[in-house]
There are 2 protein chains.
Amino acid sequence: MYDMSDADARTRLIDSTRELLWERGYAAMSPRAIMQRAEVGQGSMYHHFTGKADLAATAFADNAERTLAAARRSLAGAGSARERLIGYLNRRREVLRGCPVGRMAQDAEALDTPELAAVLRETFAELRGLAAAAAAEGVASGELPEHVDPDELAETVLAVVQGGYVLARAEGSPVPFDRAVAGAVALIKAASC
Amino acid sequence: MYDMSDADARTRLIDSTRELLWERGYAAMSPRAIMQRAEVGQGSMYHHFTGKADLAATAFADNAERTLAAARRSLAGAGSARERLIGYLNRRREVLRGCPVGRMAQDAEALDTPELAAVLRETFAELRGLAAAAAAEGVASGELPEHVDPDELAETVLAVVQGGYVLARAEGSPVPFDRAVAGAVALIKAASC
DNA sequence: GTCTATATCTCGATAGAC
DNA sequence: GTCTATCGAGATATAGAC
């Protein structure tokens with residue numbers, strides 16, 4: 001867990017909210033739990049933020065930006081386009097924690113909170129764009145077969161990752177995630193024959 | 001929505017809990033909401049069930065069995081093995097409602113409730129078995145390439161579906177689901193060249 | 001089987017002192 | 001900036017009458 005001992009109250013509040021949003025989601029995260037984890041009193045919390053929704057929006061944007069940064073390193077980094085897509089699939093992940101972004105899509109209260117829903121939509125839109133650009137580049141360069149639709153392949157890659165998280169958490173083991181990714185990589189390689 | 005008007009109290013309680021588990025998950029579902037939707041009083045509810053966990057376990061097992069029944073129709077129904085896998089991917093779904101089974105994997109409180117976690121694990125185990133059997137049959141018959149690992153392909157297919165739900169809900173549109181599935185079907189067909 | 005009353009917590013926030 | 005007190009509402013039951 002992130003060490004908050006040296007940070008100021010506002011930073012500790014954001015960090016503990018980031019963790020709780022990831023672990024429990026928005027609806028199941030209480031201000032009380034945030035304050036306890038941040039070791040911050042109630043007065044302090046309502047001084048820095050107007051309430052739970054405000055704090056969650058700030059923390060979720062932070063989580064989303066970190067997720068995007070990691071994805072950019074894979075999908076817009078070095079290597080051929082096909083290698084980057086496969087690298088994104090194979091990237092090391094804390095599988096059993098799930099995806100801090102995708103998690104919110106399962107939280108009805110989060111989807112009903114406009115600021116959270118907006119961040120969710122925009123984050124996946126950028127992710128989709130990164131993957132689609134790599135796929136399009138792969139088709140253009142001949143690494144991927146001509147008849148592949150880049151947008152479809154990109155969405156499939158994102159879905160395998162998001163679904164892998166779900167299957168792994170259901171099982172209590174990272175094995176389903178790894179198996180799903182291995183299957184997707186095998187299909188991509190076989191399709192390029 | 002399911003019409004409960006003619007059912008007895010116990011049935012109405014189970015049906016409204018099934019819906020609420022699907023819509024809101026376990027942690028965010030209150031006994032109060034269950035009773036209101038079922039049009040049943042508190043005394044009745046605590047007469048038929050020991051509490052929220054008991055009722056949720058019954059209702060979730062019901063949801064899981066319905067999901068499995070639908071999957072069996074695709075994966076263990078008529079047609080060639082490859083057609084059945086593609087048929088499972090293409091099956092009509094209420095995409096924006098999400099998967100009533102996969103939903104629970106994102107709910108920390110549900111995972112911490114042994115009876116719910118057990119149903120979740122067992123349901124995906126059976127789904128995995130159905131998909132893997134179809135994949136193995138496809139490889140044996142030559143419909144799918146020899147080098148395909150049936151367990152990996154099966155897991156990828158499940159992940160595309162589960163991830164498709166996540167992406168669709170994040171976007172508020174079924175389009176990402178359909179695109180992810182289309183990409184997966186295209187890959188399976190291309191790999192069989 | 002179902003009803004109403006009651007109990008104890010927690011939620012999410014506001015108020016005002018320091 | 002942070003503290004403590006307080007609030008009305010809802011969560012999750014239990015008790016006992018009918």
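Quick caveat: nothing in here was measured; it's all calculated off a predicted structure. Chain A is the first sequence line, chain B the second, and so forth, proteins listed ahead of strands; every chain is numbered from 1.
- Sequence order on DNA chain C of the closest nucleotides to A:Gly43 and A:Tyr26 puts A:Tyr26 first from the 5' end.
- Look at A:Ser30 and you won't find any side-chain N or O under 4.0 angstrom from OP1 or OP2 of C:dT10.
- When distances are taken from the side chain of A:Lys52 to each of D:dT12, C:dA13, C:dT2, the shortest belongs to C:dA13.
- A:Asp15 and A:Arg18 are joined by a salt bridge, as a carboxylate oxygen and a charged side-chain nitrogen come within less than 4.0 angstrom of each other.
- In this structure, A:Arg97 does not pair ionically with A:Glu19, as no charged nitrogen and carboxylate oxygen lie closer than 4.0 Å.
- The hydrophobic cluster containing A:Trp22 does not contain A:Val101, counting ILVMFWY residues as joined when their side-chain heavy atoms lie under 4.5 angstrom apart, directly or transitively.
- Closest to the B:Gln42 side chain, of the nucleotides C:dG12, C:dA5, C:dG1, is C:dA5.
- As rounded to whole Å, 14 Å separates atom C1' of D:dA13 from atom CG of B:Leu55.
- Ionic pairing of A:Arg179 and A:Glu171 is not present here: no N-O contact between side-chain nitrogen and carboxylate oxygen is shorter than 4.0 angstrom.
- Protein atom OH of B:Tyr46 is 18 Å distant from nucleotide atom P of C:dA5, rounded to whole Å.
- For the pair A:Phe49 CZ and C:dT14 C1', the interatomic distance rounds to 18 Å; values are reported in whole Å.
- An OP1 or OP2 oxygen of D:dG10 is reached within less than 4.0 angstrom by no side-chain nitrogen or oxygen of B:Arg32.
- We find that CD1 of B:Ile34 is positioned 14 Å from C1' of D:dG10, with the value rounded to whole Å.
- Here B:His48 reaches the OP1 or OP2 of C:dT2: one of its side-chain N or O atoms lies under 4.0 Å away.
- Atoms CZ (B:Arg10) and P (C:dT2) sit 12 Å apart, rounded to a whole Å.
- Atom pair A:Met29:CE and C:dT10:C1' shows a separation of 15 Å (rounding to whole Å applied).
- Within the nucleic acid shown, B:Met45 has no heavy atom closer than 4.0 Å to any nucleic acid atom.
- One interatomic measurement links the two molecules: NE2 of B:His47 to P of D:dA15, which rounds to 17 Å at whole-angstrom precision.
- Geometric assessment of B:Arg92 against the ring of B:Phe177 yields a negative cation-pi assignment under the 6.0 Å and 45° thresholds.
- What separates CG of A:Asp54 from P of C:dT14 is a distance of 12 Å, to the nearest Å.
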